[in-house]
Amino acid sequence: QVQLVESGGGLVQAGGSLRLSCAASGRAFSINAMGWYRQAPGRQRELVATITSGGGTNYADSVKGRFTISRDNTKNTVYLQMNSLKPEDTAVFYCNAEEEQDGLTIGRYWGQGTQVTVSS
């Protein structure tokens, strides 16, 4: 089992910045990809950014150039630096991790979520 704990959410004004952190614990030795998703009221959960253990990244078009995902493989921790925040970024942000065996995903885990609110 893998447990994920997010931190760093809060309330900021438009144009401000926040940095989210997510630490994986438990049987996390087989984790490959980690990432961030978000869900706003009345909307489906959507991908924000992902990063593999090798450093490959993927971003949603809406956050490219503003958000940066990074990770510390030794600590199994993933970060999301969010700059130039907009009110439409307001959502609950969830950390995600995928467990792999022989190139096949065998598990997917979610954190409890952290609220990000951007005021106009």
Side-chain angles (χ1 to χ4, degrees):
Q1 296 289 341
V2 175
Q3 295 81 44
L4 304 175
V5 179
E6 303 106 331
S7 62
L11 173 64
V12 298
Q13 292 185 324
S17 299
L18 283 174
R19 185 177 68 180
L20 306 182
S21 299
C22 173
S25 62
R27 301 178 65 184
F29 56 86
S30 60
I31 288 177
N32 181 27
M34 299 185 73
W36 292 94
Y37 292 70
R38 66 185 179 187
Q39 187 167 24
R43 299 191 61 183
Q44 294 182 315
R45 187 174 298 185
E46 65 176 355
L47 181 145
V48 177
T50 60
I51 185 168
T52 67
S53 60
T57 59
N58 186 37
Y59 295 92
D61 289 341
S62 60
V63 307
K64 288 181 179 178
R66 299 189 298 122
F67 293 7
T68 302
I69 189 170
S70 61
R71 67 188 290 171
D72 183 333
N73 290 333
T74 301
K75 298 181 178 180
N76 280 318
T77 300
V78 63
Y79 307 92
L80 185 68
Q81 178 66 46
M82 304 185 293
N83 298 325
S84 302
L85 283 162
K86 305 175 181 179
E88 50 263 46
D89 293 318
T90 296
V92 178
F93 282 68
Y94 296 91
C95 181
N96 167 263
E98 292 188 344
E99 188 177 13
E100 290 189 5
Q101 180 178 322
D102 299 324
L104 182 67
T105 300
I106 60 173
R108 194 173 191 181
Y109 307 93
W110 298 94
Q112 83 287 351
T114 184
Q115 178 70 48
V116 172
T117 302
V118 184
S119 62
S120 60

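Listed for the Arg71 side chain is a donor-acceptor partner under 3.5 Å among the backbone atoms of Ile51. At distances below 3.5 Å, not a single donor-acceptor pair connects side-chain atoms of Tyr59 with backbone N or O atoms of Leu47. Although no hydrogens or angles enter the test, the distance criterion places no donor-acceptor pair under 3.5 Å between the side chain of Gln101 and the main chain of Thr105. The backbone N or O of Tyr109 sits less than 3.5 Å from a side-chain atom of Asn96, completing a donor-acceptor pair. With Asp102 contributing its side chain and Leu104 its backbone, the two residues share no donor-acceptor pair below 3.5 Å. Side chain of Thr74 to backbone of Asp72: no donor-acceptor contact under 3.5 angstrom is found. Between the side chain of Thr90 and the backbone N or O of Val118, at least one donor-acceptor pair lies under 3.5 Å.
The structure places OG1 of Thr52 at 13.0 Å from CD1 of Ile31, a figure rounded to the nearest 0.5 Å. In this structure, Ser62 OG and Asp89 CG are separated by 7.0 Å, a value rounded to the nearest 0.5 Å.
A salt bridge links Asp61 with Lys64: the distance from a Lys NZ or Arg NE/NH1/NH2 to an Asp or Glu carboxylate oxygen falls below 4.0 Å.
Between Arg66 and Leu85, the shortest heavy-atom distance links the atoms NH1-CA, 3.9 Å. In this structure, Met34 and Ala24 approach most closely via the heavy-atom pair CE-CB, 4.3 Å. Taking every heavy atom of both residues into account, Leu80 and Ala49 meet most closely at CD1-CB, 4.3 Å. Between Ala91 and Ala40, the shortest heavy-atom distance links the atoms CB-N, 3.9 Å. For the pair Gly113 and Tyr94, the tightest heavy-atom approach, listed with the atom from each and the gap, is CA-CD2, 3.6 Å.
In this model, a donor atom of one side chain and an acceptor atom of the other lie less than 3.5 Å apart for Glu6 and Gln112. Counted by atom type alone, Glu46 and Tyr37 present zero donor-acceptor pairs between their side chains at under 3.5 Å. In this model, a donor atom of one side chain and an acceptor atom of the other lie less than 3.5 Å apart for Ser53 and Asn32.
The aromatic rings of Phe67 and Phe93 are tilted relative to each other, their planes meeting at an angle between 30° and 60°.
Under the 4.5 Å side-chain heavy-atom criterion for grouping Ile, Leu, Val, Met, Phe, Trp and Tyr, Val2 is not connected to Tyr79 through any hydrophobic cluster. By the criterion of side-chain heavy atoms lying less than 4.5 angstrom apart, applied directly or through intervening Ile, Leu, Val, Met, Phe, Trp or Tyr residues, Val78 is not grouped with Val92; the two fall into different hydrophobic clusters.
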Take Arg38 and Thr114, measure what side chain to side chain contact (heavy atoms under 4.5 Å, CB included) needs, and give me the verdict at the end. CA-CA 9 Å; Arg38 66 185 179 187; Thr114 184; over 6 Å; no
Please lay out, stage by stage, how Cys95 and Trp110 fare under the test side chain to side chain contact (heavy atoms under 4.5 Å, CB included).
CA-CA 6 Å; Cys95 181; Trp110 298 94; over 6 Å; no
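For CZ of Arg108, the number of neighbouring non-hydrogen atoms (other residues, nucleotides, ligands) closer than 6.0 Å is greater than 12.
Annotation: side-chain contact (heavy atoms from CB on, under 4.5 Å) contacts of Ser17 (sequence neighbours excluded): Gln81, Asn83.
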